[in-house]
Amino acid sequence: MARAVGAALAVACGAPAAGGAAGPVDAAGLPDTGLACTFTKASIDGRAPFDSTLRARAVPVPGAAGLAVLEVAGDAARLAAVGREGVWLTLRTEPDRDHAGRVTVLDLAQGGPKAGLAVLVVSAPGEAAQIVTREGGCAPLPQPSPEARQ
């Protein structure tokens, strides 16, 4: 978790991902249908983790390579840049001016010893809980049924 949190925090604090700007969505590894994520553990400002369930979705923006809509339960949907650093797929929102510069980062290990691990970091400078980190997993969203596409 420390590596994932470190990478997510670096990106949340504005450090560029290794390799530069985000590439096309499919090149970064985000499934065409998007991702559904469930997080079951949380930690506030680096304290001991506790049980906490939260759901999130990430859906690519059609025709806009490198962008996705990130929906985290309880928050408005936000546009996120999609990138890749090694085996990690990263989605990062821009600082939210309406919420003291809050940034949300979703990291998903798509290979290596942490394959399947998803880490969601919300950095909210100046708020009581400045960094909330969650651990869980993600799975591709199913293809829409033919009826839903019409």
Side-chain angles (χ1 to χ4, degrees), residues 1-62 64-96 99-125 127-144:
M1 179 170 156
R3 194 253 180 252
V5 171
L9 287 175
V11 173
C13 294
V25 172
D26 55 3
L30 182 64
D32 292 343
T33 57
L35 292 170
C37 305
T38 301
F39 301 93
T40 56
K41 294 281 184 195
S43 174
I44 297 174
D45 295 331
R47 295 186 196 117
F50 55 91
D51 293 339
S52 175
T53 301
L54 182 81
R55 297 196 194 297
R57 285 175 24 121
V59 179
V61 175
L67 293 177
V69 174
L70 182 58
E71 302 171 8
V72 178
D75 283 338
R78 307 242 343 258
L79 194 60
V82 180
R84 186 161 192 83
E85 183 178 345
V87 298
W88 294 91
L89 170 69
T90 299
L91 288 86
R92 178 189 184 277
T93 65
E94 289 294 319
D96 185 345
H99 292 94
R102 177 173 57 193
V103 174
T104 302
V105 177
L106 171 61
D107 270 345
L108 174 62
Q110 294 186 312
K114 302 277 186 179
L117 174 66
V119 178
L120 183 74
V121 177
V122 177
S123 171
E127 291 187 13
Q130 293 189 32
I131 298 176
V132 178
T133 306
R134 295 179 180 275
E135 280 192 6
C138 299
L141 287 166
Q143 289 286 341

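Every heavy atom of this structure was used, including side-chain atoms; hydrogens, water molecules and symmetry mates were not. Starting from 1, each residue takes its place in the sequence as its number.
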Counting distance only, does the side-chain N/O of [X] pair as donor-acceptor with the main-chain N or O of [Y] below 3.5 Å?
| X | Y | result |
| --- | --- | --- |
| Asp107 | Val119 | no |
| Thr33 | Leu141 | yes |
| Asp45 | Ile131 | yes |

In Å and rounded to the nearest 0.5 Å, what is the [atom1] to [atom2] distance from [X] to [Y]?
| X | Y | atom1 | atom2 | value |
| --- | --- | --- | --- | --- |
| Leu106 | Arg134 | CG | CZ | 12.5 Å |
| Thr53 | Lys41 | OG1 | NZ | 9.5 Å |
| Leu70 | Arg57 | CG | CZ | 10.5 Å |
| Leu79 | Leu67 | CG | CG | 5.0 Å |

* Passing candidate, side-chain contact (heavy atoms from CB on, under 4.5 Å) with Arg78, options Thr93, Val69, Leu91, Val72 ->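 That would be Thr93; it is the only one of Thr93, Val69, Leu91, Val72 passing the side-chain contact (heavy atoms from CB on, under 4.5 Å) with Arg78.
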
Got [X] and [Y] here, is their nearest side-chain heavy-atom distance under 4.5 Å?
| X | Y | result |
| --- | --- | --- |
| Val122 | Arg102 | yes |
| Phe39 | Thr133 | no |
| Leu120 | Cys37 | no |
| Glu135 | Thr40 | no |

Nearest atoms (heavy-atom pairs only) where [X] meets [Y]:
| X | Y | value |
| --- | --- | --- |
| Glu94 | Val103 | C-CG2, 4.4 Å |
| Gly112 | Val87 | N-CG1, 4.4 Å |
| Ser52 | Ala42 | CB-CB, 3.8 Å |
| Gly29 | Gln110 | O-NE2, 3.0 Å |
| Cys138 | Ala118 | SG-CB, 3.6 Å |
| Leu30 | Ala68 | CD2-CB, 3.8 Å |

